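Have a look at the structure below, then the notes.
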Amino acid sequence: MRRDSTIKDIVARAKAADTTALGELYDALLSRVYRFVYFRVSRREDAEDITEAIFVKIFENIGTYDERGLPFEAWVFRIARNMVIDFYRTHQTVTVTLENAFDVPDTGKSPEEHTEITLQMEYVKTALQALPDSYREIIILKYIEEYENEEISQILEKPVDQIRVLQSRALQKLKTLVHV
Amino acid sequence: MKQTLEELLRDMKSLPEVQPRMQFRANARVRILNVSSVRPASVSLLHRMNFPYHIARWAGGIALATSLLGGTLVYAAQYSNPGTPLYPIKTASEEVALRLAPTTGLKTSIATTVIDRRAAEVNDLEAHGSRQDVEKAVTTFQTTAHSLENIKGINIGEVESHVRDAERDWQASPNATPRGTDSGHSGEGKNQEREGRVPVTNSVTEPTPSTSSGEKLGTDKALNVPTAEDVKGVQINVPAQSGHGGETQNEQ
């Protein structure tokens, strides 16, 4: 994974209960973990709560992390994924139907204030919510966070071939939703 | 130029709403590192038991709030003042309680108790500490008051009023050191005439929970605070403090 040697060094210090190293891990990973959660739950408040819980869990269990075979970021995203699944179990999720997937998002800005690309991104973001969760998470990991298939395979604990198939189907489904 | 769907997805990282808020980034950092250093048993236990998240918030929040308002989470740390090794443990328990409190009323009660504690620290150091210690405690009071007023879901009016009352109380104390700068919270004038010590109580605003024995929380009996003799010899390993609060970095 990206910057693997740097993360490895920080993780080694964090496992030795170096609080500064824990802070460095938080700074390095927060944005990615937050985005992963936000695109899954779509409410900022929920994303913040879950993200914070994820980091508490990471730091509580970092002493048990064994780097042999599983990159640290894959381990982190597995925790993140499980926390999101736990959240789904205990909270009602809002179903976005195809009919309302194309409603103009209310961002408080007039159309003139939006660039065309921003509008397109808002449409795609809304359409993401209409995808099944298994498709959505692979879109997030592959196309938004730009992980390689091998890395995604380790996060999702699925064979690489299955990841390729899933990824292709997910993208095709999303293209259908946004009429690309 | 029209972008492909893949390009749009890649660029979605740049949307403002998908970035963590600066305030969340900073505040969560402090909370997470404090929890990681202290590891309050009630938080770890909730995670291990895989409680439904919303139930965990209520149970943990009420448990921690009750223990903060009416008892002691870590006995030895309750006597610590700013700058001492155990002080982070004291503030960490407050942070967790505030974080987990599920209602505005409970959050506000905890916040006012925290303000009372900061004021008590100032009073204590004015009586027994150096001028430097007092200044440190005053700064801590002001920083805490400011951060409490920014907490989501808190009754800001009540907290601000409590801050003003606490400042008025310690300024009326016979040991009070004249303040050189206005705290920015108090509407009162500086260098008040001292007419006698006004005791700072750990007053708890509505709702007022009580202990199982019926003692109103906030009283010494209900707090069941052990004496210094009781905690002599208690050893708590405190990790070295890292740079907390407000540090934000752009992701590389």
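Being a predicted model, the structure only gives us computed values, none of them experimental. Heavy atoms only: backbone and side chains are in, while hydrogens, waters and symmetry mates are out. Protein chains get the first letters and strands the later ones, always in sequence-line order, with residue 1 at the start of each.
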(Q) Using 0.5 Å steps for rounding, measure from the CE atom of A:M121 to the CD atom of B:E7. (A) 11.0 Å

**Q.** Side-chain heavy-atom pair B:R31, A:V56 within 4.5 angstrom cut-off
**A.** no

Q. Would you say A:I140 and B:L9 make side-chain contact, with heavy atoms under 4.5 Å?
A. no

Q. Which atom names give the shortest non-hydrogen contact between B:I32 and A:F55, and what distance separates them?
A. CD1-CB, 3.6 Å

Q. Do B:K13 and A:I144 come close enough that some side-chain heavy atom pair is under 4.5 Å?
A. yes

Q. What pairs with A:N82 under side-chain hydrogen bond (donor to acceptor under 3.5 Å, both in side chains), at least two apart in sequence or on another chain?
A. none

Q.
Is it true that, when you exclude A:K15 itself, more than 12 heavy atoms of the residues, nucleotides or ligands shown sit nearer than 6.0 Å to its NZ?
A. yes

Q. Do A:K175 and B:E6 have side chains that get closer than 4.5 Å, going by heavy atoms?
A. yes

Q: State which residues pass side-chain contact (heavy atoms from CB on, under 4.5 Å) with A:N149; sequence neighbours excluded, sorted by chain then number.
A: A:K142, A:I152, A:V160, A:I163, A:R164, A:Q167

Q.
A side-chain contact here means heavy atoms from C-beta on lying under 4.5 Å apart; do B:R29 and A:L30 qualify?
A. no

**Q.** Heavy-atom pair of closest approach, residues A:R35 and B:V18
**A.** CG-O, 3.2 Å

(Q) Would the distance check show the side chain of A:Y26 and the main-chain N or O of B:R25 forming a donor-acceptor pair, the cut-off being under 3.5 Å? (A) yes

Q) So, do A:Y143 and B:L8 sit near enough that their side-chain heavy atoms are less than 4.5 Å apart? A) no

Q. Is it true that B:E17 and A:R44 have a side-chain N and a carboxylate O under 4.0 angstrom from each other?
A. no

